[in-house]
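Quick notes on the structure that follows.
All residue numbers in this chain count up from 1 along the given sequence. Below, all heavy atoms of this structure are taken into account, side chains as well, without hydrogens, waters or symmetry copies.
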Amino acid sequence: MKTLVCIKPGELEYQEAEAPIAKPGHSILKIRRIGICGTDLHAFEGTQPYFEYPRILGHELAGDLVDMDKASGFVIGEAVTIIPYFNCGHCIACRNGKPNCCVTIKVCGVHIDGGMVGYLSVPSEFLVHGNGLSHDQLALVEPLAIGAHAVRRAAIQPGEFVLVVGAGPIGLGTMESARIAGGEVIAMDINEARLAFCRERLDVLHTVNASSEPLEQLKRITRGDMPTVVIDATGSRKAIMDAFQYMAHGGRYVLVGLQKGEIAFSHPEFHKREATLMSSRNATREDFERVIDSMKKGLIDPTTYITHRVGFDRVKDEFAGWLDPANGVIKAMVEL
């Protein structure tokens, strides 16, 4: 089968490999869709934490089951997605019901080779029923589940202002989940086209350009209170540190975006707010199922995020261009 390998930052190479063979407790998928994530782009840039080269990228996946073992309830030919975070099941996090931050977690396409392949073998316990969703929809479940998990961590209450910083795919999914939870969503970005997308496609009422007096804009929107929930979905060190000042007193700040360096903030400013800072890593099966249910009910239509579509044979040539903001990429989708 053909694979696409990130040899080192800035270099992708098509290679031939043996297709996986059946083994106990594993299922084999014929890959049909691969969503391109910020993680993939950062790995190509060389800025992704927890990453080693060479690596086959790809963890936003949809495929058809072609072989399976210990996959009760699934049928050959079924369209599925996967939970691409393979946890150990026995560490402190797993024992406490947090497999998404397992001590020895192996994320498909990050710590181990991912889905930019013709066929992929995965442990059967990580299969997720497609429930009649299309391949496009199924490949978008994982990034939406990331946002759903962040919203669950934030414990959003109906009516409170929720500022989501970063209007890329993870940010958009976070906005959708925050809206479903009853939050009054504010979108922030430095890209005016992405803010327009939020207004026009997601019906987000409040948008703020971070390069134009964001504090004053937020005070005006919140009538001086500031947002009680701030969620970063940028992975930008500067954006993460800037957003500490956007929190209301008593507010919560959730970091979904990830970058390699240290972050710093004013202890007195943070302390006087009695603020809460937390990270949100990956997602759980509960988040995946919640997203699929929301899709089935028509509460979320993530296929509107797809701005670029390409066949697998063209990914190597197109990939670098997806990093250029001028190309207007929100979500690139690879078809096999």
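With hydrogens and angles disregarded, a donor-acceptor distance shorter than 3.5 Å links the side chain of His26 to the backbone of Pro24. Between the side chain of Lys296 and the backbone N or O of Asn131, at least one donor-acceptor pair lies under 3.5 Å. A donor-acceptor pair under 3.5 Å is formed between the side chain of Arg252 and the backbone N or O of Ala154. In this structure, the side chain of Asp40 engages the main chain of Cys37 through a donor-acceptor pair within 3.5 Å. Side chain of Ser124 to main chain of Asp69: a donor-acceptor pair is present (N/O by atom type, distance under 3.5 Å, no hydrogens or angles). A distance-only check finds a donor-acceptor pair linking the side chain of Arg95 to the backbone of His90 [under 3.5 Å]. The main-chain N or O of Gly38 is found under 3.5 Å from a side-chain atom of His42 such that the two form a donor-acceptor pair. Using a distance-only test at 3.5 Å, with no hydrogens or angles considered, no donor-acceptor pair links the side chain of Asn327 to the main chain of Trp322.
Within the 4.5 Å cutoff, the side chain of Leu61 has heavy atoms near those of the Leu120 side chain. Between Leu29 and Asp64 the shortest side-chain heavy-atom distance does not fall below 4.5 Å. For the pair Lys2/Glu16, a side-chain contact is recorded, criterion being any heavy-atom separation below 4.5 Å from C-beta on. The closest side-chain heavy-atom distance from Val117 to Ile56 is below 4.5 Å. Counting heavy atoms from C-beta outward, Leu215 and Gln245 have side chains that approach closer than 4.5 Å. Counting heavy atoms from C-beta outward, Ile186 and Val164 have side chains that stay 4.5 Å or more apart. Using a 4.5 Å heavy-atom threshold, the side chains of Cys198 and Leu172 count as touching. A heavy-atom distance below 4.5 Å is not found between the side chains of Cys6 and Glu11.
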Verdict with supporting geometry, Val107 and Asn282, side chain to side chain contact (heavy atoms under 4.5 Å, CB included): CA-CA 9 Å; Val107 178; Asn282 300 325; 4.3 Å; yes
Audit row: Asp203, Arg199, side chain to side chain contact (heavy atoms under 4.5 Å, CB included) steps and yes/no: CA-CA 5 Å; Asp203 294 325; Arg199 292 189 295 268; over 6 Å; no
Verdict with supporting geometry, Arg33 and Ser134, side-chain hydrogen bond (donor to acceptor under 3.5 Å, both in side chains): CA-CA 10 Å; Arg33 296 289 188 279; Ser134 70; over 6 Å; no
Ser177/Leu144 under side chain to side chain contact (heavy atoms under 4.5 Å, CB included): CA gap, chis, key distance, verdict: CA-CA 8 Å; Ser177 286; Leu144 287 171; over 6 Å; no
Evaluation steps, side chain to side chain contact (heavy atoms under 4.5 Å, CB included), between Leu163 and Met188: CA-CA 7 Å; Leu163 171 64; Met188 179 181 286; 3.8 Å; yes
Glu335/Arg309 under salt bridge (Lys or Arg N to Asp or Glu O under 4.0 Å): CA gap, chis, key distance, verdict: CA-CA 7 Å; Glu335 299 180 335; Arg309 193 180 290 275; 2.9 Å; yes
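The two residues Thr222 and Pro227 come nearest to each other via the heavy atoms CG2-N, 4.0 Å. Across Ala150 and Ile231, no two heavy atoms sit closer than the pair CB-CG2, 4.4 Å. Heavy-atom minimum distance, Tyr14 versus Val315: OH-N, 3.2 Å. The minimum heavy-atom distance linking Phe197 with Thr304 is given by the pair CZ-O, 3.4 Å. Listed here is the closest heavy atom pair of Ser294 and Ile180: OG-CD1, 3.9 Å. The heavy-atom pair separating Gln217 from Asn209 by the smallest distance is NE2-O, 3.3 Å.
A distance of 11.0 Å separates CE in Met116 from OG1 in Thr3, rounded to the nearest 0.5 Å. The CG atom of Leu258 lies 12.0 Å from the CD1 atom of Ile170; values are rounded to the nearest 0.5 Å. Distance check: Leu133 CG to Met295 CE gives 6.5 Å after rounding to the nearest 0.5 Å. Atom CD of Gln259 and atom OG1 of Thr234 lie 8.5 Å apart (nearest 0.5 Å). Between Ile146 atom CD1 and Asn100 atom CG the span is 8.5 Å, to the nearest 0.5 Å. For the atom pair CZ (Arg153) and CG (Asp287), the distance works out to 11.0 Å, reported to the nearest 0.5 Å.
Clustering ILVMFWY residues whenever any of their side-chain heavy atoms sit less than 4.5 angstrom apart, transitively, puts Val80 in the very cluster that holds Val122. Under a hydrophobic clustering in which Ile, Leu, Val, Met, Phe, Trp and Tyr are joined whenever their side-chain heavy atoms come within less than 4.5 Å, directly or via other members, Ile292 and Ile300 fall into the same cluster. Two different hydrophobic clusters hold Met247 and Met175 under the rule that ILVMFWY side chains link at heavy-atom gaps under 4.5 Å. The hydrophobic clustering, which links ILVMFWY residues whose side-chain heavy atoms are closer than 4.5 Å, places Val185 and Leu202 together. Following chains of ILVMFWY side-chain contacts shorter than 4.5 Å, one can reach Leu4 starting from Met1, so the two form part of one hydrophobic cluster.
Within a 6.0 Å sphere centred on OH of Tyr85, other residues, nucleotides and ligands contribute more than 12 heavy atoms. Within a 6.0 Å radius of CD in Glu274, no more than 12 heavy atoms belonging to other residues, nucleotides or ligands are found. The neighbour count for Gln15 CD, taken as heavy atoms of other residues, nucleotides or ligands under 6.0 Å away, is above 12. Within a 6.0 Å radius of CD1 in Ile190, other residues, nucleotides and ligands contribute 12 heavy atoms or fewer.
For the pair Lys331 and Tyr305, the cation does not sit on the ring face, since its NZ or CZ is not both under 6.0 Å from the ring centre and inside 45° of the axis.
The aromatic rings of Phe319 and Phe44 lie tilted to each other, with the angle between the two planes from 30° to 60°. Using bins of under 30°, 30° to 60° and over 60° for the plane-to-plane angle, the ring pair Phe86/Phe126 lands in the tilted bin.
Salt bridge status for Glu269 with Arg273: present, with a side-chain N to carboxylate O gap under 4.0 Å. Ion pairing between a basic and an acidic side chain is recognised when a charged N comes within 4.0 Å of a carboxylate O; Lys238 and Asp242 show such pairing. The pair Lys70-Glu125 does not meet the salt-bridge criterion, since no charged nitrogen lies less than 4.0 angstrom from a carboxylate oxygen. A salt bridge is absent between Lys316 and Glu13: the closest approach of a Lys/Arg side-chain nitrogen to an acidic carboxylate oxygen does not fall below 4.0 angstrom. Ion pairing between Lys8 and Glu52 fails under the 4.0 Å rule for side-chain N and carboxylate O. Checked for salt-bridge contact, Lys219 and Asp225 miss the test: no charged N lies under 4.0 Å from a carboxylate O.
None of Thr307, Asp136, Thr303 except one satisfies the side-chain contact (heavy atoms from CB on, under 4.5 Å) rule with Met333; the exception is Asp136. Paired with Thr284 under the rule side-chain hydrogen bond (donor to acceptor under 3.5 Å, both in side chains), one option of Arg290, Lys98, Glu289, Arg152 passes, and it is Arg152.
Between Tyr53 and Phe51, the gap from one ring centroid to the other is short of 6.0 Å.
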